[in-house]
Amino acid sequence: MKQLSDSFQMGPVTVKNRIAVPAMVCFDWTDDSGRVTDRHLAHYRALAQGGAGVIFSEAVCITKRGRLHNTQLGLWEDEQIDGWKKLADACHEYGVPFLAQIHHAGINGMDDVADCPSDYTPAHAHHTPGKEMSLDRIVYIRNAFVKTALRCKAAGLDGVELHGCHGYLLSQFMSSRINHRTDEYGEDDTLFVKEILESIRIACGPDFCVGIRLAAFEPTMEDGFRHAKALAPYVDFLDISYGIDSDVSGCPADFPYRPSFYAAMKIKEMLPDMPIFCVDRITSGEMAKGALELTQIDGIDVGRGHLVNYNFASDALAGRDTGTCLHCKGGCSWGPTGNPDNPCPGKMRFLKRK
Ligand SMILES: Cc1cc2nc3c(=O)[nH]c(=O)nc-3n(C[C@H](O)[C@H](O)[C@H](O)COP(=O)(O)O)c2cc1C
């Protein structure tokens with residue numbers, strides 16, 4: 001039976017235990033330069049000290065124009081590498097592998113007319129209009145992903161996770177709701193992602209871990225399964241989450257964890273040798289253990305639980321109370337607008353550490 005405390009192999013990387021810190025942007029912690037600050041360094045050091053098995057960095061942008069917001073961390077130029085070296089060193093001090101989540105926001109970004117698989121008129125208030133990427137632009141963005149991965153390698157990181165879900169550019173390519181191309185990037189909705197993964201592998205070599213955070217529902221679970229199977233030969237791990245307007249109806253109503261875990265369990269059955277992570281509302285050590293035992297996946301991502309308690313992983317592994325994220329609707333003190341009145345213990349912890 002799998003235990004939370006087991007270490008396991010993810011390509012060239014040994015993960016210390018089965019509790020992972022997933023990507024979480026620290027809004028407004030830097031400025032337009034997109035460079036790592038001392039606050040980031042303290043944050044990631046505390047997460048590493050807290051005992052997680054692996055840390056996925058917050059989404060880091062591959063081009064300045066592709067940013068989600070104007071204070072997002074970046075690795076679009078070599079001058080940004082130094083800060084990432086400090087983050088990697090801090091995680092490695094505690095023996096925790098550190099991978100960057102590399103990202104392009106597409107129509108969820110700041111560009112007036114965003115890179116998009118197809119011309120796009122916003123269907124959501126937070127979307128910008130999208131312009132169909134030319135074949136030259138596809139090559140340019142693919143190369144930008146590769147250059148960012150090379151900067152991660154230069155900074156001493158253990159690998160990268162492509163941000164392939166939550167409606168950002170790669171998610172848009174895999175979504176039939178956005179991708180209406182009639183060329184090969186429409187015929188095979190994973191082609192762009194496969195090309196990026198393959199190019200990173202060639203550029204960074206076999207000792208660099210490469211994976212993807214992938215929607216289990218893009219928009220349906222069948223699509224998610226198809227994408228997982230198509231991408232499996234190109235990755236060392238899959239990290240399962242949600243897509244654009246996910247249709248989770250394929251998940252049985254009485255499944256005891258969030259729909260992402262049902263889909264991740266099914267993907268693990270299809271791809272038994274693939275390390276699979278999954279996320280969504282795991283709020284205690286008992287829940288993490290229960291989800292692991294039921295699904296038999298490999299890694300349990302705990303996002304907001306780690307913001308509430310940097311020591312979530314070590315507390316959960318020792319059977320101690322981890323504290324619980326209250327899931328305050330729209331008021332998360334870590335969100336883009338923040339909420340100074342939020343009583344969240346994460347906020348209090350954060351204030352204490354300043
Ligand atoms: C403040 C904040 C920032 C986030 N930033 C990212 C991100 O950069 N990349 C990403 O893939 N998911 C991001 N997420 C989603 C989390 O990784 C995670 O999937 C989500 O919080 C659900 O997991 P949880 O219930 O354990 O918190 C963010 C979530 C929060 C709360």
Side-chain angles (χ1 to χ4, degrees), residues 18-30 34 39-40 43-44 47 52 54-62 66-69 71-75 87 99-106 108-109 126 160-171 211-218 237-244 246 248 257-261 263-264 277-285 287-288 291-292 299-310 312-313 316 322-339 342 344-347 349-350:
R18 298 190 185 278
I19 299 181
V21 178
M24 286 179 290
V25 167
C26 300
F27 290 95
D28 296 335
W29 283 26
T30 186
R39 206 163 159 195
H40 290 102
H43 175 62
Y44 282 97
L47 286 168
V54 57
I55 297 176
F56 298 98
S57 83
E58 62 199 276
V60 52
C61 206
I62 59 152
R67 287 179 298 172
L68 169 63
H69 60 98
T71 64
Q72 186 179 358
L73 285 184
L75 261 173
L87 298 184
L99 284 77
Q101 185 187 63
I102 60 177
H103 169 253
H104 186 300
N108 279 299
H126 60 277
V160 289
E161 169 181 83
L162 295 194
H163 198 331
C165 56
H166 301 174
Y168 298 113
L169 183 65
L170 302 183
S171 184
I212 184 166
R213 196 165 207 203
L214 184 70
F217 310 90
E218 193 76 279
F237 67 92
L238 294 169
D239 187 6
I240 301 300
S241 188
Y242 299 92
I244 302 169
S246 290
V248 299
Y257 300 97
R258 301 285 290 166
S260 50
F261 279 91
F277 294 79
C278 187
V279 75
D280 202 12
R281 295 199 176 212
I282 296 296
T283 56
S284 68
M287 266 188 98
L292 178 72
I300 307 289
D301 290 339
V302 176
R304 287 163 290 182
H306 274 109
L307 299 184
V308 171
N309 175 11
Y310 280 131
F312 186 102
T322 56
T324 296
C325 169
L326 305 174
H327 299 126
C328 319
K329 277 252 180 299
C332 184
S333 56
W334 289 78
T337 51
N339 177 357
N342 192 319
C344 170
K347 176 76 174 178
R349 167 181 286 277
F350 161 69

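Small disclaimer: the values here were computed from a predicted structure and weren't measured. Counting starts at 1 for both ligands and their atoms, in listed order.
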If we number the atoms of ligand 1 from 1 as shown, the ones under 4.0 Å from a heavy atom of V279 are 18 (C), 19 (O), 22 (C), 23 (O)

If we number the atoms of ligand 1 from 1 as shown, the ones under 4.0 Å from a heavy atom of R213 are 10 (C), 11 (O), 12 (N), 16 (C), 17 (O), 18 (C), 19 (O)

Does the T283 side chain pair with the main chain of T324, one donor and one acceptor, at a distance under 3.5 Å?
no

Numbered atoms of ligand 1 (with element) below 4.0 Å of A59, judged on heavy atoms:
8 (O)

Taking only heavy atoms of R304 into account, list the atoms of ligand 1 that are under 4.0 Å away from them.
21 (O), 22 (C), 24 (P), 25 (O), 26 (O), 27 (O), 31 (C)

Using a strict cut-off of 4.0 Å, indicate which atoms of ligand 1 neighbour a heavy atom of R281.
24 (P), 25 (O), 26 (O)

Looking only at non-hydrogen atoms, the one of P22, S241, A23 nearest atom 15 (C) of ligand 1 is A23

Whether Y168 and H103 hold their rings parallel, tilted or perpendicular, with breakpoints at 30° and 60°
perpendicular

With heavy-atom distances below 4.0 Å as the criterion, list the atoms of ligand 1 near Q101.
7 (C), 8 (O), 9 (N), 10 (C), 11 (O)

Determine whether the side chain, the backbone, both or neither of H103 has a heavy atom under 4.0 Å from any heavy atom of ligand 1.
neither

Enumerated ligand 1 atoms positioned under 4.0 Å from heavy atoms of H166
10 (C), 11 (O), 12 (N)

If the plane angle is over 60° it's perpendicular, under 30° parallel, otherwise tilted; pick one for W29 and H43.
perpendicular

At under 4.0 Å between heavy atoms, what of V25 touches ligand 1? The answer is both

With respect to C61, which candidate in H69, H163, R67 satisfies the side-chain contact (heavy atoms from CB on, under 4.5 Å) definition?
R67

Is there a polar contact, in the sense of an N or O pair closer than 3.5 Å, between G303 and ligand 1?
yes

Relative to the ring of F312, is the ring of H306 parallel (under 30°), tilted (30 to 60°) or perpendicular (over 60°)?
tilted

Per-atom contacts of ligand 1 with H163, taking only distances under 4.0 Å to non-hydrogen atoms:
9 (N), 10 (C), 11 (O)

Do T30 and H40 pass the side chain to side chain donor-acceptor pair (under 3.5 Å) test, and can you show the C-alpha distance, the side-chain angles, and the key distance before you say yes or no?
CA-CA 9 Å; T30 186; H40 290 102; 5.6 Å; no

Is there any N or O on I282 that sits under 3.5 Å from an N or O of ligand 1?
no

